[in-house]
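These notes are about the structure you will find just below.
Lettering follows sequence order; numbering is per chain, from 1. Keep in mind that the numbers below use all heavy atoms, side chains included, and drop hydrogens, waters and symmetry copies.
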Amino acid sequence: MATSKGKATAGKKAAGKKSAVSKGRVSSARERLVAVKPSGGKEDSFFDLVHEVARQIPKGRVTSYGAIGAALGTRSSARMVGWAMNTCHLSLQPVPAHRVVNSLGLLTGRHHFNPPEKMQLLLEKEGIKVKDNKVVDFKKLFWDPSQEL
DNA sequence: CGCTTGACTGGTA
DNA sequence: TTACCAGCCAAGC
């Protein structure tokens, strides 16, 4: 799948804005995500980054919060990923949050959907079987962003 | 300005 | 085996 190099000259930093990314901890994956972003990397906040990764999840596949965090270089910040998903609905573009589950394959975030059963419904619609709030063959359907990106 | 919570994860008891 | 604890970073009160 010829991945467009893009090679966006991401050298410009939104100076003045001190919101998020104040430590300056950037990872290579971040540049990659910026490259695939339709906006061309206009937004570089951790939240939007998480949203972007979620959008890269192929239909019929799922991933975990920790996997996304690991792809961004913040493996231990799985919580932040979940927190970011909380604002995913605020994103200008749709985010398939239903494809993001925890490491156990449990639909822990379904309670944030409207209605809650929507998450399972969307997954089943894509061919993913969900039993007892858990993704069937989760290990098989697991999509690793750090591996695919 | 500081403490609590939160869609997580992995390790220890 | 399951249950609890500590780490992580950001937003809300």
Original post:
What residues join A:Leu122 in its hydrophobic cluster, counting side-chain heavy atom gaps under 4.5 Å, either direct or through other members?
Top reply: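 Answer for A:Leu122: A:Val62, A:Val101, A:Leu107, A:Phe113, A:Met119, A:Leu123, A:Ile128, A:Val130, A:Val135, A:Phe138, A:Leu141, A:Phe142.
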
Original post:
Taking atom CD1 of A:Ile57 and atom OG1 of A:Thr63, what is their separation to the nearest 0.5 Å?
Top reply: 5.5 Å

Between [X] and [Y] (side chain of the first, backbone of the second, donor and acceptor by atom type, cut-off under 3.5 Å), is there such a pair?
X: A:Thr87; Y: A:Leu90; result: no
X: A:Gln147; Y: A:Trp143; result: no
X: A:Asp132; Y: A:Lys134; result: no
X: A:Thr74; Y: A:Gly69; result: yes

**OP:** Tell me, yes or no, whether the heavy-atom count around A:His111 atom NE2, taken from other residues, nucleotides or ligands under 6.0 Å, exceeds 12.
**Re:** no

In whole angstrom, what separates [X]'s [atom1] from [N]'s [atom2]?
X: A:Phe46; N: C:dC8; atom1: CZ; atom2: P; value: 14 Å
X: A:Asp48; N: C:dA11; atom1: CG; atom2: P; value: 12 Å
X: A:Leu72; N: C:dA10; atom1: CG; atom2: P; value: 13 Å

Subject >> Any residue meeting salt bridge (Lys or Arg N to Asp or Glu O under 4.0 Å) with A:Glu126, in chain and number order, not counting sequence neighbours >> reply: A:Arg99

Subject >> Of residues 105-125 of chain A, the positions that come close to DNA chain B - non-hydrogen atoms, cut-off under 4.0 Å >> reply: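 DNA chain B contact set from residues 105-125 of chain A: A:Thr108, A:Gly109, A:His112.
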
**OP:** Applying side-chain contact (heavy atoms from CB on, under 4.5 Å), run through A:His112 and A:Asn86 and close with a yes or a no.
**Re:** CA-CA 8 Å; A:His112 288 257; A:Asn86 196 10; 4.1 Å; yes

Original post:
Is there a residue in residues 80-91 of chain A whose heavy atoms reach under 4.0 Å of DNA chain C, and which residues are they?
Top reply: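 Close to the strand are A:Met80, A:Trp83.
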
**OP:** Keeping to residues at least two apart or across chains, list the salt bridge (Lys or Arg N to Asp or Glu O under 4.0 Å) pairs with something in residues 104-125 of chain A.
**Re:** none

**OP:** Rounded to whole angstrom, note down the P distance from B:dT4 over to C:dC5.
**Re:** 16 Å

With 3.5 Å as the limit, what N/O pairs link the protein to nucleotides 9-13 of chain B?
unit_1: B:dT9; atom_1: OP1; unit_2: A:Ser103; atom_2: N; d: 2.9
unit_1: B:dT9; atom_1: OP1; unit_2: A:Ser103; atom_2: OG; d: 2.5
unit_1: B:dT9; atom_1: OP2; unit_2: A:Ser103; atom_2: N; d: 2.9
unit_1: B:dT9; atom_1: O5'; unit_2: A:Ser103; atom_2: OG; d: 3.3

